[in-house]
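Quick notes on the structure that follows.
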Amino acid sequence: MEIVTLDLEGVLVPEIWIAFSEKTGIPELKRTTRDEPDYHKLMAYRINILREHNLKLKDIQDVIATIKPLEGAKDFLDELRELTQVIILSDTFSEFALPLMRQLGYPTIFCNSLKVSEDGMIEDVKMRIENGKFHAVDSLQKIGFRVFASGDSYNDLAMIHKADGGCLFRAPEKILEEEKNLHLVTEYDDLLGEIKAFING
């Protein structure tokens with residue numbers, strides 16, 4: 001039996017931190033996992049900037065409430081879920097994800113959570129498990145699934161390489177140069193075609 005694992009930000013919805021950067025006018029917050037391979041380093045960098053500007057979880061959630069899925073994402077996901085089971089594997093946080101999941105029809109998502117102070121400041125991240133995307137794919141394979149994985153960032157590479165099939169989706173040039181062996185697609189129809197070929201292969 002086949003199952004598909006997808007990244008969230010950059011694949012189905014816009015990058016949350018980029019949207020927040022644009023709203024706050026803080027360009028340093030545009031840095032994402034497309035730029036920084038070390039997720040803990042990236043989050044420590046973000047939390048320090050939030051602290052410097054006295055920005056709280058609610059400030060981010062208010063911006064998330066205005067974010068819509070990428071054009072075509074909901075239709076793609078609906079069609080994909082008619083073909084096979086889908087799990088979104090994301091390094092985002094449950095405190096961020098709910099409004100986005102509502103707009104996507106509540107697909108299954110495995111993500112992380114935040115440690116938040118009483119005054120609403122983000123203090124730290126609580127990772128469900130280190131390298132969670134890799135371990136999720138590995139565990140699905142161990143219980144008999146053939147896995148197709150797709151994402152756009154450094155933190156997606158481990159799951160794509162571990163999966164039985166997969167591709168990059170709208171990945172930046174830097175990753176394409178480093179991962180020449182991975183196929184790239186940029187449109188949902190093409191991604192759906194890759195998945196159908198995997199299922200039928």
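Just so you know, these numbers use all the heavy atoms, side chains as well, and skip hydrogens, waters and symmetry mates. Worth saying up front: this structure is predicted, and the values here are computed from it rather than measured.
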Give, for atom CD1 of Ile87 and atom CE of Met159, the distance between the pair rounded to the nearest 0.5 Å.
-> 11.0 Å

Short question: side chain of Ser90, backbone of Thr92 - any donor-acceptor pair under 3.5 Å?
-> yes

State whether the side chain of Lys115 and the backbone N or O of Ile122 hold a donor-acceptor pair below 3.5 Å, judged by distance alone.
-> no

Does atom CD of Gln85 have more than 12 heavy-atom neighbours, drawn from other residues, nucleotides or ligands, at distances under 6.0 Å?
-> no

Straight-line distance of Asp124 CG to Ser117 OG, nearest 0.5 Å = 12.0 Å

Taking the side chain as every heavy atom from C-beta outward, state whether Glu123 and Ile47 have any atom pair closer than 4.5 Å.
-> no

Same apolar cluster (I L V M F W Y, side chains within < 4.5 Å links), Leu104/Phe169 = yes

Criterion side-chain contact (heavy atoms from CB on, under 4.5 Å) on Glu95 and Leu57, from CA distance to verdict | CA-CA 8 Å; Glu95 294 85 353; Leu57 171 61; 4.2 Å; yes

Where is the tightest heavy-atom contact between Ser21 and Pro27, given as atom of each residue plus distance?
-> OG-CA, 3.6 Å

May I ask you to decide if Asp152's main-chain N or O and Asp156's side chain share a donor-acceptor pair within less than 3.5 Å?
-> yes

Check: Phe93 main-chain N/O paired with Ser113 side-chain donor or acceptor under 3.5 Å = no

With a 4.5 Å heavy-atom cut-off, do Tyr45 and Glu28 have their side chains touching?
-> yes

Where is the tightest heavy-atom contact between Ser94 and Cys111, given as atom of each residue plus distance?
-> N-SG, 3.6 Å

Test side-chain contact (heavy atoms from CB on, under 4.5 Å) applied to Leu114 and Lys126, step by step | CA-CA 5 Å; Leu114 293 166; Lys126 292 190 285 187; over 6 Å; no

CG of Asp75 to CD of Glu79, rounded to nearest 0.5 Å, is 8.5 Å

Would you say Leu77 and Val86 make side-chain contact, with heavy atoms under 4.5 Å?
-> yes

Is a donor on one side and an acceptor on the other found under 3.5 Å between the side chain of Asp62 and the backbone of Asp59?
-> no

Could you grab the distance from atom CG of Leu80 to atom CZ of Phe148, nearest 0.5 Å is fine?
-> 9.5 Å

Considering all heavy atoms, the nearest Val185-Cys167 contact = CG2-SG, 3.8 Å

Indicate every side-chain donor-acceptor pair of residues 135-144 with a distance under 3.5 Å to a residue at least two apart or in another chain.
unit_1	atom_1	unit_2	atom_2	d
Asp138	OD1	Lys162	NZ	3.4
Asp138	OD2	Lys142	NZ	3.0
Ser139	OG	His135	O	2.9
Gln141	NE2	Lys162	O	3.0
Gln141	NE2	Asp164	OD2	3.2

Quick one: does Glu130's side chain get under 4.5 Å of His40's, heavy atoms only?
-> yes

List the atom of Ile88, the atom of Pro107, and the distance in Å for their closest heavy-atom pair.
-> CD1-CG, 3.6 Å

Single-linkage hydrophobic cluster Ile109~Leu98, side-chain heavy atoms < 4.5 angstrom | yes

Given the rule that I, L, V, M, F, W and Y join up when any side-chain heavy atoms are under 4.5 Å apart, are Leu83 and Met1 in one cluster?
-> no

Short side-chain to backbone donor-acceptor contact, Arg46 and Trp17, under 3.5 Å | no

Could you list the donor-acceptor pairs under 3.5 angstrom formed between side-chain atoms of residues 189-201 and any protein atom two or more places apart in sequence or on another chain?
unit_1	atom_1	unit_2	atom_2	d
Glu194	OE2	His183	NE2	3.1
Asn200	ND2	Lys196	O	3.1

Going through the checks in order, is the side chain to side chain donor-acceptor pair (under 3.5 Å) test met by Glu178 and Tyr154?
-> CA-CA 10 Å; Glu178 296 173 8; Tyr154 279 110; 3.0 Å; yes

Donor-acceptor pairs under 3.5 angstrom involving side-chain atoms of residues 67-74: please list them, not counting sequence neighbours.
unit_1	atom_1	unit_2	atom_2	d
Lys74	NZ	Asp78	OD1	3.2
Lys74	NZ	Asp78	OD2	2.8

How long is the gap from CZ on Phe96 to CG on Asp91, to the nearest 0.5 Å?
-> 12.5 Å

From Ser153 OG over to Lys174 NZ, what is the distance, rounded to the nearest 0.5 angstrom?
-> 11.5 Å

Taking Asn155 for the side chain and Thr33 for the main chain, is one N or O donor matched with an acceptor at less than 3.5 Å?
-> no

Tyr39: partners by ring-ring contact (aromatic ring centres under 6.0 Å, His included), with sequence neighbours left out = none

Tabulate below the donor-acceptor pairs under 3.5 Å that side-chain atoms of residues 2-16 make, not counting sequence neighbours, or state none.
unit_1	atom_1	unit_2	atom_2	d
Glu2	OE2	Arg146	NH1	3.1
Asp7	OD1	Lys133	NZ	3.1
Glu9	OE1	Ile16	N	2.8

Partner of Phe20 under side chain to side chain contact (heavy atoms under 4.5 Å, CB included), picked from Leu55, Ile26, Ile64, is Leu55

Listed once per pair and sorted, the ring pair (Phe, Tyr, Trp, His ring centres under 6.0 Å) pairs that draw on residues 51-79, sequence neighbours left out | Phe76-Tyr188

Candidate pair Met121 and Val116, rule side-chain contact (heavy atoms from CB on, under 4.5 Å), full reasoning | CA-CA 6 Å; Met121 297 295 292; Val116 182; 6.0 Å; no

Show the numbers, then the answer: is there a side-chain contact (heavy atoms from CB on, under 4.5 Å) between Ile60 and Leu50?
-> CA-CA 10 Å; Ile60 302 174; Leu50 296 176; 4.0 Å; yes

